[in-house]
Colleague: 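Starting off with a structure, shown below.
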Number of protein chains: 2
Amino acid sequence: MVNKTLHYYILSDSIGETALKVARSALSQFPTAHTVLHKYNFISNKAQLKDIIDHAQKHDGLLFMTIVDPELAQFVEKACIETGLICYNLIQPFILEIQRRLDLKPSTIAGAQHELSEQYFARVKAIEFCIHYDDGKDLSGLDEAEIVLLGISRTGKTPLSMYLGTLGYKVLNLPIMPEKEVSPELYSIDPNKIIGLTNEVDVINRHREKRMAEYGLGPGSHYASKERIEEELTYARKLYQDLGCRTLNVADRSIEESASIILDMLGLTPR
Amino acid sequence: MVNKTLHYYILSDSIGETALKVARSALSQFPTAHTVLHKYNFISNKAQLKDIIDHAQKHDGLLFMTIVDPELAQFVEKACIETGLICYNLIQPFILEIQRRLDLKPSTIAGAQHELSEQYFARVKAIEFCIHYDDGKDLSGLDEAEIVLLGISRTGKTPLSMYLGTLGYKVLNLPIMPEKEVSPELYSIDPNKIIGLTNEVDVINRHREKRMAEYGLGPGSHYASKERIEEELTYARKLYQDLGCRTLNVADRSIEESASIILDMLGLTPR
């Protein structure tokens, strides 16, 4: 059977991030599906909406909308009733319910315009912190860091740090290996903010061979060997125990998933 | 009048990112609202759900749910009918509609378990690329970069690069200033992948004074002066014109908003 193609449309008066997240979340349930994304951001008038509706009609598109302007949102809903298109309004129903409960008026200002200057400064600072204190380059930030990540090579310390940085957290990450003693300062900070990363031997082996290949080297190096990885992991587990820190096995976890678990472990909420 | 408090609950069998995004998107319409977040991730059984429902009942909570397991999702919906709680099911209705259209069965595997190994490698590589080629440290990546960001100091090149990196894009960013000639290589790459960042004098002035204060220096430096910033911006605009690249004014834009506009300009979709 030939797979049908699903055309899905993101309609937003902001950057369309929320609607895209919902649509992709639903679509991730159909990994073999043929899909085509049509994304329309910063929509500000009915003429644009009319064009989009015409386009969507040609493809019997499925619409995901986060338009906060009530007049524009209603224009789409009316057009969908007339044309038979399905549009999920992913924001208005929730706004109305919150409005009713809190007895407050919504601002009707599109989302992307909301970031406060102070929040922006804090995020920029956090990202700069994560870069500066990446890969054990400088340990003077141990006290200021909100999260300290430890792990042997290829346990994903750097991507995890940067992702947490974009969420507004100051992360210092430090590579560890049996041959190199860790700084004694590590024992003087709060172990509750330290997370020791672990992973499965096979996964690290795959990551390290991939890295070797990128350097133009074949497999079979000591660095990528399972014996060496097992030795490093044994050392890491012992160190985590000595430090009294918690550990996280990142095998088969996405970056977002690991980040979310770490925030939960530390009692932090996404900023 | 005393503000009421809204307790909102995130229920997910994954990391709850999608539901949180929707809830926060709606709540951003009420910047003065008092809210309390209750987040429950990796839900896997009815006993957990029962506890959450009991908790939510005490606070008349508003529930946002992305549970893909149909049995667990129905359990919540039934409990809400019995207790009068409101729960927004942010995934099942869309899954059902997509299923009907594509004639495919959903996987019913929670979202965070979906990231494919190849995607993971690509993102890790992109983030490592962005760190390596941050702040003009190395120009040898100009060809490999998918996006090249230029800008004078404090136009937000670094946070923007890292955010795009977490989305899977390889970004090289390069600071510019009138006293330092740019590398001639910049003229030999595709100008379509270069974005010249600009900003308002007042905004940069605020950012630079903030930075000076962080260094323990008072305001009034040449670096933070409006005359100097105007001079640098004039130089930047001239350079962008010479390169034939597009420009983006990031004033009053969030990091996500600027990133989204850049991807649109380059005809790239979020990965």
Side-chain angles (χ1 to χ4, degrees), chain A residues 3-4 6 15-18 20-23 25-33 37 39 41 62 66 68 86 88 90-91 94-95 97-98 101-104 106-108 111-112 114-115 120-121 123-124 127-128 131 134 156 158-159 162-163 165-166 210 253-257 260 264 269-270, chain B residues 3-4 6 15-18 20-23 25-33 37 39 41 62 66 68 86 88 90-91 94-95 97-98 101-104 106-108 111-112 114-115 120-121 123-124 127-128 131 134 156 158-159 162-163 165-166 210 253-257 260 264 269-270:
Chain A
N3 249 346
K4 292 172 196 162
L6 176 76
I15 61 173
E17 243 196 336
T18 304
L20 190 63
K21 202 149 203 54
V22 171
S25 212
L27 284 168
S28 74
Q29 290 295 308
F30 306 92
T32 62
L37 163 66
K39 195 160 174 273
N41 302 337
L62 190 58
T66 50
V68 294
I86 291 180
Y88 293 116
L90 297 172
I91 194 90
F94 321 135
I95 291 175
E97 176 61 24
I98 296 167
R101 285 173 179 236
L102 295 182
D103 205 4
L104 290 170
S107 73
T108 69
H114 273 297
E115 190 165 53
Y120 176 83
F121 282 127
R123 282 180 74 194
V124 171
I127 293 170
E128 290 176 341
I131 296 172
D134 179 42
T158 293
M162 292 311 138
Y163 184 74
T166 65
K210 190 125 187 153
R253 295 196 203 280
S254 69
I255 295 167
E256 288 85 351
E257 193 178 358
S260 166
D264 282 350
T269 45
Chain B
N3 248 345
K4 293 172 196 162
L6 175 75
I15 61 174
E17 242 195 335
T18 304
L20 190 62
K21 200 146 205 55
V22 170
S25 212
L27 283 168
S28 74
Q29 290 295 308
F30 305 93
T32 62
L37 163 66
K39 194 160 174 271
N41 302 337
L62 190 57
T66 51
V68 293
I86 291 180
Y88 293 115
L90 296 172
I91 194 90
F94 320 135
I95 291 175
E97 177 60 24
I98 296 167
R101 286 173 178 236
L102 295 182
D103 205 7
L104 290 170
S107 73
T108 68
H114 273 298
E115 189 165 54
Y120 177 83
F121 282 126
R123 282 178 75 192
V124 171
I127 292 170
E128 289 177 342
I131 295 173
D134 179 42
T158 293
M162 293 309 139
Y163 184 75
T166 67
K210 190 126 187 153
R253 295 198 202 280
S254 69
I255 295 168
E256 287 85 351
E257 193 179 358
S260 166
D264 281 352
T269 45

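The sequence lines fix the lettering, A, B, ..., with proteins before strands; numbering per chain opens at 1.
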Colleague: Can you say whether Val22(A) sits under 4.5 Å from chain B via the side chain, the backbone, both, or neither, judging by heavy atoms?
Modeller: both

Colleague: What part of Leu37(A) gets within 4.5 angstrom of chain B, counting heavy atoms only: side chain, backbone, both, or neither?
Modeller: side chain

Colleague: Considering only heavy atoms, which portion of Ile95(B) lies under 4.5 Å from any heavy atom of chain A: side chain, backbone, both, or neither?
Modeller: both

Colleague: Taking Thr158(B), Ile131(B), Thr269(B) one by one, which has the highest count of heavy-atom pairs under 4.5 Å against chain A?
Modeller: Ile131(B)

Colleague: Of all heavy-atom pairs between Ala26(B) and Ile91(A), which one has the smallest distance, and what is that distance?
Modeller: N-CD1, 3.4 Å

Colleague: Indicate yes or no: at least one non-hydrogen side-chain atom of Ser107(A) is less than 4.5 angstrom from one of Phe30(B).
Modeller: no

Colleague: Going by side-chain hydrogen bond (donor to acceptor under 3.5 Å, both in side chains), name the residues that satisfy it together with Ser260(A), two or more places apart in sequence or in a different chain.
Modeller: Asn41(B)

Colleague: Yes or no on side chain to side chain contact (heavy atoms under 4.5 Å, CB included) for Phe94(A) and Leu27(B), after CA distance, side-chain angles and deciding distance?
Modeller: CA-CA 9 Å; Phe94(A) 321 135; Leu27(B) 283 168; over 6 Å; no

Colleague: For chain A, find which of Glu17(B), Glu97(B), Met162(B) contributes the most heavy-atom pairs closer than 4.5 angstrom.
Modeller: Glu17(B)

Colleague: Is chain B contacted by the side chain of Thr18(A), its backbone, both, or neither, given a heavy-atom distance below 4.5 Å?
Modeller: both

Colleague: Can you tell which part of Thr66(A) gets under 4.5 Å to a heavy atom of chain B, answering side chain, backbone, both or neither?
Modeller: neither

Colleague: Would you say Val124(A) and Lys210(B) make side-chain contact, with heavy atoms under 4.5 Å?
Modeller: no

Colleague: In Å and rounded to the nearest 0.5 Å, what is the NZ to CG distance from Lys21(A) to Leu90(A)?
Modeller: 13.5 Å

